[in-house]
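Naming convention: chains lettered A, B, ... in sequence-line order (proteins, then strands); numbering from 1 in each chain. Values below: all heavy atoms of this structure, side chains included; hydrogens, waters and symmetry mates excluded. Since the structure is predicted, the reported quantities are computational estimates derived from the model, not experimental observations.
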Number of protein chains: 2
Amino acid sequence: MPALLPEIDLDARDCQSCPIRHRAVCARCEADELEHLEQIKYYRTYEAGQPVVWAGDKLDFVASVVSGVATLSQTMEDGRTQMVGLLLPSDFLGRPGRSTASYDVTAVSNVTLCCFRRKPFEEMIRSTPHVAQRLLEMTLDELDAAREWMLVLGRKTAREKIASLLAIIARREALLNLDPGRSVTRMELPLTRESMADYLGLTIETVSRQISALRRDGVIVLEGKRTVQIPDFDRLLNETGDDMDGGVLI
Amino acid sequence: MPALLPEIDLDARDCQSCPIRHRAVCARCEADELEHLEQIKYYRTYEAGQPVVWAGDKLDFVASVVSGVATLSQTMEDGRTQMVGLLLPSDFLGRPGRSTASYDVTAVSNVTLCCFRRKPFEEMIRSTPHVAQRLLEMTLDELDAAREWMLVLGRKTAREKIASLLAIIARREALLNLDPGRSVTRMELPLTRESMADYLGLTIETVSRQISALRRDGVIVLEGKRTVQIPDFDRLLNETGDDMDGGVLI
DNA sequence: CGGCCCATTGAGGTACTTCAACCAGAGTGG
DNA sequence: CCACTCTGGTTGAAGTACCTCAATGGGCCG
């Protein structure tokens, strides 16, 4: 039995001190709107490896990820699985207007969700434009990310795929640590090799081999299996195959 | 020089008789809201093969596709390209709040757009919830479609990819023809082999070979290069690798 | 007719998968 | 304490699905 989750005080109902206050679906809310949200919200936690919900199952809340990492994935009958979303802190889970989950959701680390009961939340979308606006913005961002990922899946080599994933994680890490200018040079991978493979449409063997190759070539430095140093971020970007100077979507 | 586009009377500013009235971003609008939209809208047409806009270029309108087919695609420096969106009639083009195009947009058939100047449209999103709500719904649908496509790109075989694409086109065709129950058994492919390859992350040779294989196996019947008959739709669905009886996303 | 575009087909190469062995660390139980 | 097992990861050898390169064909247009 793992230790209890320490990070968040689950009784702290105070949105003002919430770590994802300015990035989540509630980012645009005024004080009175937050108050309304606080009435319909509650926290749930999941241990690393636990399922949050299976595709097709009833899901009568939507939620913001407060801490931890969860994945959305699809599985075919014969077991092939593809990850289709990576939920990091501040990301939104669930679809207003739909009462069942479309994808398998799994906590890959210990996860805390800030849940909103579906019906009241849908009502709020209709009544408070600030929530609807932010949700639209976040959904458009996710759509952009999904399209970026389609290029990775459809056209990049295994090596480029790995480099792309590392770059994305590093960027999000930097964003979270409010480390805007300098990109992180050391980070903890939130995903196992298997999850990385599911994300990239590869096998775990190929993931492992390409990570080893990037290490051999000095693009990354491993400390243990999960901690990665990136000595030269531009060098890593070069390996992604992306246009370097082009308008980066952060 | 191709013939002039015959389908739409460009002076017909009447939203009421618009073919995409109940599916486009304006679907939820009341009479007075439509009137407002009519003041900021104008039509543009593009010939088959013409670019609508390049990624990074200024795009000071958003639009609904009224007729024809356009594609969104991304191209890497070395020329590899991946299609990331297929815009059919009623689909929405552009992102409110962003003044430059994120992707290359190309008309693959003759296309008519119903354009809205960006600024007034953004203002309308803020002021008329019906537009914002519909846009959110459409964006969520697109996100679902993108995620479905990530499974195709990441995990399906070439044969399954082709079958999936044919099934998707057939379903959208049926939806457009208001042919809800029976799926279409004959349809015109709106895409060249090259576009199909770009969509599926394949080469045109592989596309061609797999289409030939499906024809040899009796899954499809070709009439010329672009017209496809589907004798048994369930047979085709079987070839996609998808869960047959599972909740279909129409 | 020749030229062009799109599509098909073949032959050979290669990047990734598959199958299998092996390794390191952590937990378990004698 | 050591043997054990389990999980996540690495590495090797062989197989294969798809790509690359190249030739061919059919429809359309000047």
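A/Glu188 and A/Thr227 share a donor-acceptor pair across their side chains, judged by distance under 3.5 Å alone.
Rounded to an integer number of Å, the gap from CZ of B/Arg193 to C1' of C/dT9 is 14 Å. The interatomic distance linking B/Leu222 (CG) with D/dG25 (P) rounds to 20 Å, in whole Å. Rounded to whole angstrom, the span from the CG atom of B/Leu189 across to the C1' atom of C/dT8 amounts to 16 Å. Rounded to an integer number of Å, the gap from B/Ile204 CD1 to D/dA22 P is 15 Å. Distance, B/Met196 CE to D/dC18 P: 15 Å, rounded to whole Å. The distance from atom CZ of B/Arg215 to atom C1' of C/dT9 is 11 Å, rounded to the nearest whole Å. Between the C1' atom of C/dC16 and the CZ atom of A/Arg155 lies a distance of 16 Å, rounded to the nearest Å. Rounded to whole Å, the distance from CZ on A/Arg80 to P on C/dC16 is 18 Å.
Residue B/Gly49 is out of contact with every strand shown, counting any heavy-atom pair closer than 4.0 Å. A/Gly224 comes within 4.0 angstrom of nothing in the nucleic acid, heavy atoms only.
With D/dG9, D/dT11, C/dT8 as the candidates, the nucleotide lying closest to the side chain of A/Thr192 is D/dG9. Side-chain proximity of A/Leu202 to the nucleotides C/dT8, D/dC18, C/dT17 is greatest for C/dT17. The side chain of B/Thr203 approaches D/dT20 more closely than any other nucleotide in the set C/dA7, D/dT20, D/dT11.
Partners of B/Arg209 by side chain to side chain contact (heavy atoms under 4.5 Å, CB included), not counting sequence neighbours, listed by chain and number: B/Glu205.
Between the base of C/dC19 and the side chain of A/Glu205 there is a donor-acceptor pair shorter than 3.5 Å.
Side-chain contact check for A/Gln82 versus A/Leu153: some heavy-atom pair is nearer than 4.5 Å. Put simply, the side chain of B/Glu142 reaches to within 4.5 Å of the side chain of A/Arg147, judged on heavy atoms.
Side-chain nitrogen and oxygen atoms of B/Arg209 include none within less than 4.0 Å of the OP1 or OP2 phosphate oxygen of D/dC18. At D/dC19, one or more side-chain N or O atoms of B/Thr206 fall inside 4.0 Å of OP1 or OP2 (strictly under the cut-off). In terms of phosphate contacts, B/Ser212 brings a side-chain nitrogen or oxygen within less than 4.0 Å of OP1 or OP2 of C/dT9.
Relative ring orientation between B/Tyr199 and B/Trp149 is described as tilted, the plane-to-plane angle lying within the 30° to 60° band.
When each of B/Arg216 and A/Arg159 is assigned the nucleotide of DNA chain C bearing its nearest heavy atom, the one mapping closer to the 5' terminus is B/Arg216.
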